[in-house]
Novice: 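Sharing a structure here in structure tokens format.
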Amino acid sequence: MAGLTYDPSRITAGIVHLGPGGFHRAHMAHYVHALMSRGQAMDWGIIGAGLTPFDALVREALAPQDWLYTLVERDDRGASAQVVGSIVEVLPPADTGAILDAIDRPGIRIVSLTVSETGYCLDATTRRLDRTNPLIAADLAHPRQPGSVIGLLVEACRRRRDAGRPAFTALSCDNLPGNGGLLRAAVLEFTAQVDPGLGDWIATHARFPATMVDRITPVTRSEDVAMMTRTRGFTDTWPIVCEPYAQWVIEDDFADGRPDWEAVGVQFTADVAPYERMKLRLLNASHLALASLGWLRGHSMVAEAMRDPALERYIRALMETELSPTLPADLPVDLAVYQDRIVTRFSNRTLQDTVERINTDASINLLLDPIRDRLADGRPIRRLSLAVAAWIRRLALIEDDALALRHPLADALTSLARGGATGEARLLARSDVFGDLSGNAAFLTAVTRRLRVMTTGRARNGVSSGCRRADRP
């Protein structure tokens, strides 16, 4: 067990992070902690903040522990644990006044965020700000009392500008293609409606670097808490368990300085896009495909699904034949080695990562984006269409609506999926979910065909048949 080598009382805040959940604490907070363990970055402490009820649980867990928590890295070869002290405070959730005041603090130079795709309030088709989103509509009417992430960032920038203070860097850590550019575009579109002059100031002074983040971080279980007490001799009400592997690639474009993250393994580059595309296509898309199909085959854990021979063959074929060909040819990575590593990572039994977590949280766009590329090139989507069909079929069969999907349209989509062939057709026709693919005959035909295969018999047999058919050349 590695204890702290620095004094947390000496840390001052340099970052406000929106969404201090498990992934943030396994990833960004860990990288800051690694620098602090080297005697560096003591002015880059993190203030956690959030806009959802979930963030209240984080605060309740960490406050009695002086914001400390244990990070456990484990795989089939063993485990290691360390106490992390880079978080200096977690604010009460949804208190936008307190969050704005925190961002106003003189030392804050980065506002980072891990809020999932829905937190960006984007239109599914245009990938631009959705002005009809209730949160955005309310913020446009009352921009000084924001309730959305976009409105919060705009108001924070306004306060900075009006006070004559430097702009901050808005650092997205979400799994979105072009995350920095999407965030910047949404912020500027919002300001165009409420204060065009502020938009000019933000465009000139603020920065929105693109990033690629990667570390598998399952939801903490009660068994993990008990394990800490049993093996480490102390109680941690919310330890974070993750794999040893971690990667962070960042566009080196900051408004007012940054930590020396390259000293602890972060890669800075002028162009994140190739790395981001590789990770989203090979890891995240495969993860969602595996989780959806795995659930239908009766697997509850990702590792169980990955060790299912039929699914391993399918995932390897999916990556090799349909996902890898959508990547740039000049990637500085051996894709065969990268794909083997993904299979190994997904097979890690010690993480106890559930397919439920992936199915509930992952965006369907992870599958739709490579489908668009393949159809534009006139290429088949046999395996990708099977994954989309599995995503829909699961919605039809899952009994606990709370676990079906974390999505603004979850109830409507689940209801349609349960409506048989007619409901499935209506679901696939929704442009607010499938965008331009909702009217693409090749996409609709391929997914509908897979759905028919899945519903001809029991779910497990239907999926097995679908996997076999998808593997045909």
Side-chain angles (χ1 to χ4, degrees), residues 1-4 17 19-34 37 46 48 50 54-55 57-87 90 114 116 173 175 213-248 264-265 283-284 287 290-291 294 299-307 341-362 403 406:
M1 178 77 183
L4 290 179
H17 183 83
F23 180 78
H24 167 70
R25 284 177 281 154
H27 197 261
M28 181 182 190
H30 172 252
Y31 279 108
V32 175
H33 161 78
S37 298
I46 301 167
F54 172 82
D55 298 301
L57 302 178
V58 179
R59 188 172 195 272
E60 291 170 7
L62 297 189
Q65 301 177 180
D66 296 326
W67 315 113
L68 304 174
Y69 64 93
T70 312
L71 182 67
V72 181
E73 300 175 347
R74 66 187 183 198
D75 60 14
D76 294 329
R77 295 172 295 181
S80 63
Q82 57 190 297
V83 175
V84 176
S86 55
I87 294 177
V90 178
T114 307
S116 82
C173 299
N175 280 318
V213 298
D214 189 5
R215 187 169 225 185
I216 297 174
T217 308
V219 174
T220 300
R221 304 171 303 136
S222 58
E223 295 93 325
D224 298 321
V225 177
M227 178 270 295
M228 291 302 304
T229 304
R230 185 177 64 255
T231 64
R232 308 296 176 182
F234 63 87
T235 299
D236 183 341
T237 57
W238 204 330
I240 300 298
V241 178
C242 63
E243 63 176 339
Y245 180 90
Q247 187 178 19
W248 197 7
V264 288
L283 186 137
N284 293 107
H287 221 179
L290 177 67
H299 300 298
S300 60
M301 297 293 175
V302 172
E304 292 174 2
M306 191 71 259
R307 291 168 184 262
R341 179 177 292 166
I342 286 173
V343 171
T344 300
R345 293 170 65 192
F346 288 175
S347 301
N348 183 355
R349 285 194 178 110
T350 68
L351 284 184
Q352 294 293 295
D353 196 12
T354 64
V355 298
E356 172 190 301
R357 178 183 76 88
I358 313 301
N359 286 320
T360 303
D361 291 343
L403 300 177
R406 186 171 287 118

Novice: Rounded to the nearest 0.5 Å, what separation is found between the CD atom of Gln352 and the OG1 atom of Thr220?
Specialist: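 Going from the CD atom of Gln352 to the OG1 atom of Thr220 covers 12.5 Å.
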
Novice: Of all the heavy-atom pairs spanning Val84 and Ala29, show the shortest one and how long it is.
Specialist: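 Val84 and Ala29 have their closest heavy atoms at CG1-O, 4.1 Å.
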
Novice: Could you label the plane-to-plane angle of the Tyr31 and Trp248 rings as parallel, tilted or perpendicular, counting under 30° as parallel and over 60° as perpendicular?
Specialist: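 The arrangement is tilted - the two ring planes meet at 30° to 60°.
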
Novice: Do Val213 and Gln247 come within less than 4.5 Å of each other through their side chains, counting heavy atoms only?
Specialist: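 Answer no - side chains too far apart.
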
Novice: Quick check for you: to the nearest 0.5 Å, what is the distance between Trp67 atom CH2 and Arg25 atom CZ?
Specialist: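 Going from the CH2 atom of Trp67 to the CZ atom of Arg25 covers 11.5 Å.
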
Novice: Asp224 side chain to Arg221 main-chain N or O, any donor-acceptor pair under 3.5 Å?
Specialist: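 At least one qualifying donor-acceptor pair exists.
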
Novice: When rounded to the nearest 0.5 angstrom, what is the spacing between CG in Asp236 and CG in Leu68?
Specialist: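 With rounding to 0.5 Å, CG (Asp236) is 9.0 Å from CG (Leu68).
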
Novice: If you compare all heavy atoms of Ile240 against all heavy atoms of Ala26, which two are closest, and at what distance to 0.1 Å?
Specialist: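 Scanning both residues completely, I find the closest heavy atoms to be CG2-CB, 3.8 Å.
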
Novice: Has Arg341 got its NZ or CZ under 6.0 Å from the middle of the six-membered ring of Tyr245, at an angle within 45 degrees of the ring axis?
Specialist: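 Cation-pi check for Arg341 and Tyr245: fails.
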
Novice: Please assess Thr354 against Val219 for the test side-chain contact (heavy atoms from CB on, under 4.5 Å), listing each intermediate value before the final yes or no.
Specialist: CA-CA 8 Å; Thr354 64; Val219 174; 5.8 Å; no

Novice: Side-chain contact test, heavy atoms from C-beta onward, threshold under 4.5 Å: evaluate it for Phe346 versus Asp353 and give yes or no.
Specialist: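 The answer is no; the side chains never approach within 4.5 Å.
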
Novice: Less than 4.0 Å between a side-chain N and a carboxylate O, is that true for Asp76 and Arg307?
Specialist: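 Salt bridge between Arg307 and Asp76, a charged N being under 4.0 Å from a carboxylate O: yes.
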
Novice: Which heavy atom of Val302 sits nearest a heavy atom of Leu290, and at what distance?
Specialist: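 The answer is CG1-CD2, 3.9 Å.
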
Novice: Please identify which of these residues, His30, His33, His17, meets the ring-ring contact (aromatic ring centres under 6.0 Å, His included) condition with His24.
Specialist: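 Answer to the ring-ring contact (aromatic ring centres under 6.0 Å, His included) test with His24 among His30, His33, His17: His17.
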
Novice: Any side-chain heavy atom of Leu57 sitting closer than 4.5 Å to one from Glu60?
Specialist: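 Answer yes - side chains close enough.
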
Novice: Main chain of Thr237, side chain of Gln65: is a donor-acceptor contact present, judged purely on distance under 3.5 Å?
Specialist: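 Yes, Gln65 side chain to Thr237 backbone: donor-acceptor pair under 3.5 Å.
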
Novice: Please round to the nearest 0.5 Å and tell me the distance separating atom CE of Met301 and atom CG of Leu351.
Specialist: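 Between atom CE of Met301 and atom CG of Leu351 there are 10.5 Å.
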
Novice: Check Cys173 against Thr114 and note the closest heavy-atom contact, atom names and distance.
Specialist: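 For Cys173 and Thr114, the tightest heavy-atom pair comes out as CB-OG1, 3.6 Å.
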
Novice: To check you understand the geometry: which heavy-atom pair defines the closest contact between Asp55 and Pro20, and what is its length?
Specialist: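 Taking Asp55 first and Pro20 second, the nearest heavy atoms are OD1-CD, 3.3 Å.
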
Novice: Do side-chain atoms of Thr70 reach the backbone of Pro239 as a donor and acceptor pair under 3.5 angstrom?
Specialist: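 Checking the backbone N and O of Pro239 against the side chain of Thr70, no donor-acceptor pair under 3.5 Å is found.
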
Novice: I need the minimum non-hydrogen distance between Tyr69 and Ile87, along with the two atoms involved.
Specialist: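 Nearest heavy atoms, Tyr69 then Ile87: CE2-CD1, 3.9 Å.
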
Novice: Aromatic rings Phe23 and His27: how do their planes relate, parallel, tilted or perpendicular, breaks at 30° and 60°?
Specialist: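 Plane angle under 30°, so parallel.
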
Novice: Tell me every residue that passes salt bridge (charged side-chain N to carboxylate O under 4.0 Å, His left out) with Asp66, counting only those two or more places apart in sequence or in another chain.
Specialist: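 Result, salt bridge (charged side-chain N to carboxylate O under 4.0 Å, His left out) vs Asp66: none returned.
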
Novice: Does Arg349, at its CZ atom, have more than 12 non-hydrogen atoms belonging to other residues, nucleotides or ligands within less than 6.0 Å?
Specialist: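 12 or below, so no.
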
Novice: When you measure from the side chain of Glu243 to the backbone N and O of Ile216, does any donor-acceptor pair fall under 3.5 Å?
Specialist: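 Pair found, side chain donor or acceptor close to backbone of Ile216.
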
Novice: For the atom pair CG (Asp75) and SG (Cys242), what is the distance rounded to the nearest 0.5 Å?
Specialist: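 Spacing of CG (Asp75) from SG (Cys242) equals 10.5 Å.
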
Novice: Could I get the full list of side-chain hydrogen bond (donor to acceptor under 3.5 Å, both in side chains) partners for Glu73, not counting sequence neighbours?
Specialist: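 Only Arg215 meet the side-chain hydrogen bond (donor to acceptor under 3.5 Å, both in side chains) criterion with Glu73.
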
Novice: Do His287 and Asn175 have side-chain heavy atoms sitting under 4.5 Å apart?
Specialist: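 A side-chain contact is absent here, since even the closest heavy-atom pair is not under 4.5 Å.
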
